[in-house]
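Quick notes on the structure that follows.
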Amino acid sequence: MFNQLKSEFLKLRYSKLFIAVPILFLAGLVLYGIFSLSSGGTQLFVSEGDEEANAAIHGMIGFFAFTFENIDMPEFSEIMQSCISCNVFLWIVVLILTIQFFCYDYSVGTIKLPIAYGIDRVKVYFAKVIVIVLYNAICYFLFNIITLCFTCIQTGYTPNITELIRYLSYTGLDFLVMVSFILLCIIICICLKNTGIIATVMCLFTLGGAVIYTGIWQNFHSHIILKYLIWLNPLYYWMNMGTFRLEYGLLNEITIYFIFGLLFLLPLSVILVRKQEFK
């Protein structure tokens with residue numbers, strides 16, 4: 001298994017993705033810096049209502065960057081909100097890395113080589129998944145650390161250890177969502193194989209889910225079919241994490257989403273990999 005992991009890592013290391021992904025994260029940091037220059041902050045994918053409203057978020061969901069009530073004396077929750085809200089856009093980077101890296105061997109036919117040498121196809125699959133998750137994890141946590149440092153420097157705020165631990169716990173919850181989203185993308189990759197079709201389907205699913213959710217979120221639980229589709233969408237969790245709606249059961253939903261990924265999506269993908277035929 002170690003040799004297969006090393007092989008998959010070297011494929012990533014010497015591919016364009018190894019450079020392209022950090023560049024995409026850097027572009028995200030540049031955009032985040034631009035948001036900081038906006039007068040009064042920036043709000044995107046925002047929906048407002050009275051249901052489940054509280055003083056801290058005023059019944060809102062969406063992306064909030066540098067929306068401080070007092071820029072001279074910001075609260076750490078406002079700083080954290082700016083940083084965590086950026087995760088709403090990271091699905092694009094995750095999707096590109098997952099599709100391109102996972103599908104490359106299938107598209108050029110080199111996936112048959114390790115199998116021809118007697119390596120179990122499930123072992124090859126797990127090696128790919130582990131490399132994808134680990135590389136995403138490294139880039140993701142670096143991105144969140146840099147955004148926090150940038151925001152603290154910009155506002156002149158110095159967080160204490162307790163606040164840093166709280167921030168890391170929130171980013172950790174978002175990462176659990178990312179893992180399940182990666183597994184969902186991989187299942188679509190196994191089923192459809194064509195990268196163009198996969199990218200189109202996943203973009204429509206992710207963005208469409210976000211648009212639908214912002215329109216129905218006040219009566220979300222009354223939509224029997226739509227709510228299950230939205231529960232599969234990472235933006236449902238990231239948009240709510242951006243406004244700290246943990247008190248409304250979001251922590252349990254994220255945990256269930258992660259367990260669903262490990263106990264359903266992962267075994268399902270293994271079954272599909274075992275049944276795959278290579279031409």
Tell me, yes or no, whether the heavy-atom count around [X] atom [atom1], taken from other residues, nucleotides or ligands under 6.0 Å, exceeds 12.
X: I224; atom1: CD1; result: no
X: I161; atom1: CD1; result: no
X: K227; atom1: NZ; result: yes

Close aromatic pair by centroid cut-off 6.0 Å: Y257 and Y236: no
Sub-6.0 Å ring centroid separation between F18 and Y135: yes
Looking at every non-hydrogen atom in both residues, tell me the closest pair between [X] and [Y] and how far apart they are.
X: I230; Y: G209; answer: CG1-O, 4.3 Å
X: P159; Y: L164; answer: CG-CD2, 3.8 Å
X: N194; Y: G196; answer: OD1-N, 2.9 Å
X: L24; Y: I96; answer: CD1-CD1, 3.8 Å
X: G261; Y: L183; answer: O-CD1, 3.3 Å
X: V21; Y: C139; answer: CG1-SG, 3.9 Å

Hydrophobic cluster identity match, [X] and [Y], side-chain contacts under 4.5 Å:
X: L168; Y: Y170; value: no
X: I138; Y: F102; value: no
X: I186; Y: L262; value: yes
X: L142; Y: L17; value: no
X: L250; Y: Y228; value: yes

Working for side-chain contact (heavy atoms from CB on, under 4.5 Å), residues L266 and Y125: CA-CA 11 Å; L266 186 59; Y125 165 76; 3.7 Å; yes
Using a 4.5 Å cut-off on heavy atoms from C-beta on, say whether the side chain of [Y] contacts that of [X].
X: Y213; Y: N240; value: yes
X: L232; Y: F205; value: yes
X: F264; Y: I259; value: no

Candidate pair Y157 and E75, rule side chain to side chain donor-acceptor pair (under 3.5 Å), full reasoning: CA-CA 9 Å; Y157 189 93; E75 297 181 3; over 6 Å; no
Nearest-0.5 Å distance, [atom1] of residue [X] to [atom2] of residue [Y]:
X: F143; Y: T171; atom1: CZ; atom2: OG1; answer: 12.0 Å
X: I153; Y: T158; atom1: CD1; atom2: OG1; answer: 9.5 Å
X: L268; Y: I187; atom1: CG; atom2: CD1; answer: 4.0 Å
X: I198; Y: I190; atom1: CD1; atom2: CD1; answer: 9.5 Å

Between [X] and [Y] (side chain of the first, backbone of the second, donor and acceptor by atom type, cut-off under 3.5 Å), is there such a pair?
X: E163; Y: N160; result: yes
X: Y237; Y: M178; result: no
X: N233; Y: T206; result: yes

Working for side-chain contact (heavy atoms from CB on, under 4.5 Å), residues W91 and C185: CA-CA 10 Å; W91 69 272; C185 290; over 6 Å; no
side-chain contact (heavy atoms from CB on, under 4.5 Å) assessment of S77 paired with R166: CA-CA 10 Å; S77 59; R166 184 187 175 200; 4.3 Å; yes
NZ or CZ of K11 within 45° of F101 ring axis and under 6.0 Å: no
Candidate pair M202 and F181, rule side-chain contact (heavy atoms from CB on, under 4.5 Å), full reasoning: CA-CA 10 Å; M202 292 308 296; F181 181 58; 3.7 Å; yes
Candidates N87, L90, N144 - the one meeting side-chain contact (heavy atoms from CB on, under 4.5 Å) with D174: N87
